[in-house]
Protein chains: 2
Amino acid sequence: MFEAKLPNASLLKKIVDAIKDLVNDAPFDCTENSMSLQAMDASHVALVALKLDNGLFDMYRCDRTINIGSSVANLIRALKCANNDDSCMIRYNDDEGDTVLFTFVDEKRDRSQDVTVKLIDIDSEQLGIPDQKYSAVIEMPSSKFQKTCRDLAMFSDSIVINASKGGVTFKSHGDTGGSTLVYNSSSSADDDDSGKIFFNVKEDVNVTFSIKYLNHFAKAASLSNRVRLSICNDVPIAVEYNIEDNGYLRFYLAPKIDDDQNID
Amino acid sequence: MFEAKLPNASLLKKIVDAIKDLVNDAPFDCTENSMSLQAMDASHVALVALKLDNGLFDMYRCDRTINIGSSVANLIRALKCANNDDSCMIRYNDDEGDTVLFTFVDEKRDRSQDVTVKLIDIDSEQLGIPDQKYSAVIEMPSSKFQKTCRDLAMFSDSIVINASKGGVTFKSHGDTGGSTLVYNSSSSADDDDSGKIFFNVKEDVNVTFSIKYLNHFAKAASLSNRVRLSICNDVPIAVEYNIEDNGYLRFYLAPKIDDDQNID
DNA sequence: AACTCCGAAT
DNA sequence: ATTCGGAGTT
């Protein structure tokens with residue numbers, strides 16, 4: 001028996017929205033402390049890791065470790081029924097082992113909608129993600145990261161991220177033109193930190209990624225105002241969105257090993 | 001000679017928009033008191049009934065009963081020419097018996113557009129619609145009805161409407177999942193009634209309809225904030241949109257006679 | 001995932 | 001009135 005209630009269905013909607021272009025199946029692992037999910041994208045290039053601590057829920061009860069796997073398409077269909085500020089109860093009953101029940105209740109409590117989603121068996125490949133020490137960590141507004149990826153995608157399908165003590169640059173160059181975006185060390189103490197970029201560079205990094213995937217990741221911007229990029233030469237980038245300080249949505253993407261990554 | 005002037009062409013646009021997916025021909029019957037229209041949809045499953053009392057018009061003159069029939073496609077083409085708040089004069093002259101003339105004039109009176117639409121003979125099957133006593137009448141925001149139909153259409157092509165003293169439910173269930181939506185008797189006196197659902201249930205009703213058609217009906221939401229559903233076991237549902245208290249657009253749909261309609 | 005429509009805000 | 005954003009649809 002698993003039972004948990006989110007104050008707002010919108011959280012789940014945003015999460016599913018953010019991963020739907022990457023993953024077809026959503027294998028949720030429920031433990032007494034959290035719901036989590038790990039999945040590789042269809043082409044096994046990117047990894048999605050979600051964690052929702054029980055602190056995010058109004059109510060959370062999980063007797064034993066349970067796996068709730070559904071197709072993302074069905075999940076979307078179910079969540080479409082919810083208004084953003086409906087509360088969202090999630091129930092899984094061992095008796096009816098092949099379905100999960102969502103109950104959406106609107107604020108005024110005069111509408112209640114039960115939606116049943118068929119479950120499927122997903123061989124969830126729980127990948128051990130090593131605790132990586134990164135050479136550079138960049139924290140910036142998620143909207144800026146989204147715009148950066150969107151803009152640079154116009155020039156090529158690769159983005160080169162370069163971090164050094166002096167600053168961080170994002171580059172993309174193709175036949176028709178190119179662009180280099182430089183973020184300088186944010187000008188110290190200001191009244192308003194939102195909008196600022198912060199970075200902590202231990203060692204210089206120069207690494208290339210597929211913009212397409214970063215663009216997919218950037219869709220999670222609605223989950224958090226800030227995003228953290230953790231990078232290291234020849235190591236997958238980690239793109240992390242904090243979820244109300246009680247969880248996260250992380251994406252990992254291996255670097256491209258090719259040509260223009262060695263340009264200074 | 002028929003001559004009538006609507007203050008806003010938008011009304012006619014909305015009406016035609018709401019019925020264009022159901023009917024191909026629009027046989028308007030004009031009498032000294034009102035313009036009306038009755039038509040079955042192409043597959044003879046649904047019935048559309050429109051009534052526009054002369055109170056809706058700035059000017060209304062109809063010497064004798066006249067039939068103005070045009071193809072909906074042509075009507076749409078004509079109405080596309082109008083801006084929403086153009087006034088709309090409709091003229092039919094016995095001399096030019098094969099056309100109807102629309103004249104759109106904008107608010108500032110600095111543009112006037114005549115559009116002629118060719119008429120066609122439609123064997124208008126004026127169906128006597130019996131005055132039905134319904135077991136249950138549900139009145140709700142038209143936007144909610146629209147969302148309900150849209151959401152439930154994702155699970156199957158049938159919707160089961162159930163009304164009892166305790167509440168009203170809309171259900172749809174299919175292979176990948178299903179949904180049950182419960183509206184409770186709206187929690188009494190509140191400051192704001194918009195958004196509320198009201199129902200009056202004399203006898204319990206449990207009846208099944210094709211969601212596809214209800215979805216078509218629901219497009220009329222722009223005509224009125226509220227919609228009234230009148231239902232009775234084994235009797236067509238009536239879906240009614242009031243038009244500025246001087247007319248209505250009603251849709252009728254026979255229930256599906258199949259399987260899951262007998263579930264309590 | 002891209003396009004289009006509708007509604008809301010400036 | 002125009003522009004922007006969000007939502008729904010193909």
Side-chain angles (χ1 to χ4, degrees), chain A residues 8-24 41-43 45-46 48 71-86 104 106 113 115 141-144 146-147 149-154 157 210-223 225 251, chain B residues 8-22 76-77 79-80 82-86 106-111 141-155 157 172 179 194-195 211-227 241:
Chain A
N8 294 112
S10 62
L11 178 62
L12 208 46
K13 286 182 154 199
K14 287 177 192 167
I15 289 169
V16 173
D17 243 35
I19 68 174
K20 68 165 192 280
D21 294 329
L22 290 165
V23 221
N24 296 320
D41 86 291
S43 46
V45 175
V48 177
S71 99
V72 170
N74 289 343
L75 210 48
I76 289 174
R77 228 165 299 180
L79 292 171
K80 275 230 181 88
C81 299
N83 295 110
N84 281 332
D85 32 40
D86 285 354
F104 306 118
D106 72 359
Q113 181 160 13
V115 182
S142 50
S143 57
K144 274 191 185 166
Q146 188 166 31
K147 179 159 169 48
C149 294
R150 200 189 320 124
D151 290 349
L152 296 195
M154 295 198 296
D157 51 13
S210 151
I211 300 192
K212 191 180 106 195
Y213 283 94
L214 294 191
N215 256 322
H216 283 138
F217 302 168
K219 297 221 177 84
S222 59
L223 277 173
N225 290 326
F251 302 94
Chain B
N8 294 111
S10 63
L11 178 63
L12 208 47
K13 286 183 153 197
K14 286 177 192 167
I15 290 168
V16 173
D17 243 35
I19 68 174
K20 68 165 192 277
D21 295 326
L22 290 164
I76 290 174
R77 228 163 302 176
L79 292 170
K80 276 236 178 79
N83 295 109
N84 280 331
D85 31 41
D86 285 355
D106 72 1
E107 290 170 299
K108 293 153 201 145
R109 302 258 188 294
D110 55 7
R111 179 190 61 97
S142 49
S143 57
K144 274 191 183 168
F145 178 61
Q146 188 167 31
K147 178 160 166 54
T148 298
C149 294
R150 199 194 313 128
D151 287 348
L152 296 196
M154 293 192 295
F155 301 104
D157 50 15
S172 171
S179 174
S194 70
I211 300 190
K212 191 180 104 194
Y213 283 95
L214 294 191
N215 256 323
H216 283 139
F217 303 168
K219 298 222 177 83
S222 58
L223 277 173
S224 169
N225 290 326
R226 313 275 305 173
V227 61
Y241 295 86

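Residue numbers start from 1 in every chain, and the chains themselves are labelled A, B, ... in the order their sequence lines are given, proteins ahead of strands. These numbers were taken from a predicted model, which means no experiment stands behind them.
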Sorted by position of nearest nucleotide on DNA chain D, 5' first, the leading residue of B:Glu107 and B:Lys147 is B:Glu107

Side-chain atoms of A:Asn84 come closest, of D:dT9, D:dA1, D:dA7, to D:dA7

So, does A:Lys80 get its side chain near the phosphate of D:dT9, meaning an N or O under 4.0 Å from OP1 or OP2? no

Rounded to whole Å, the CZ-C1' distance (B:Arg150 to D:dG6) equals 13 Å

Separation of D:dT10 atom P from B:Asp21 atom CG, nearest Å, is 10 Å

Atom NZ of A:Lys14 and atom P of D:dA7 are separated, to the nearest Å, by 11 Å

In whole angstroms, the gap separating P of D:dA1 from NZ of B:Lys108 amounts to 5 Å

*Does A:Lys212 reach the main-chain N or O of A:Asp157 with its side chain, forming a donor-acceptor pair under 3.5 Å?*
no

Is it the case that the side chain of A:Lys80 and the backbone of B:Met154 share a donor-acceptor pair, with hydrogens and angles ignored and the cut-off at 3.5 Å?
no

Separation of C:dA2 atom C1' from A:Lys219 atom NZ, nearest Å, is 11 Å

A:Asn215 CG to C:dA2 C1', in whole Å, measures 14 Å

B:Lys20 atom NZ is separated from C:dC5 atom P, nearest whole Å, by 10 Å

Exercise for the section: For A:Asp151, look at atom CG and say whether over 12 heavy atoms of other residues, nucleotides or ligands are found less than 6.0 Å away. Expected result: yes

### Query
Where the side chain of A:Asn83 meets the backbone of A:Asp85, is there a donor-acceptor pair that is under 3.5 Å apart?
no

Rounded to whole Å, the CG-P distance (A:Leu79 to D:dA7) equals 14 Å

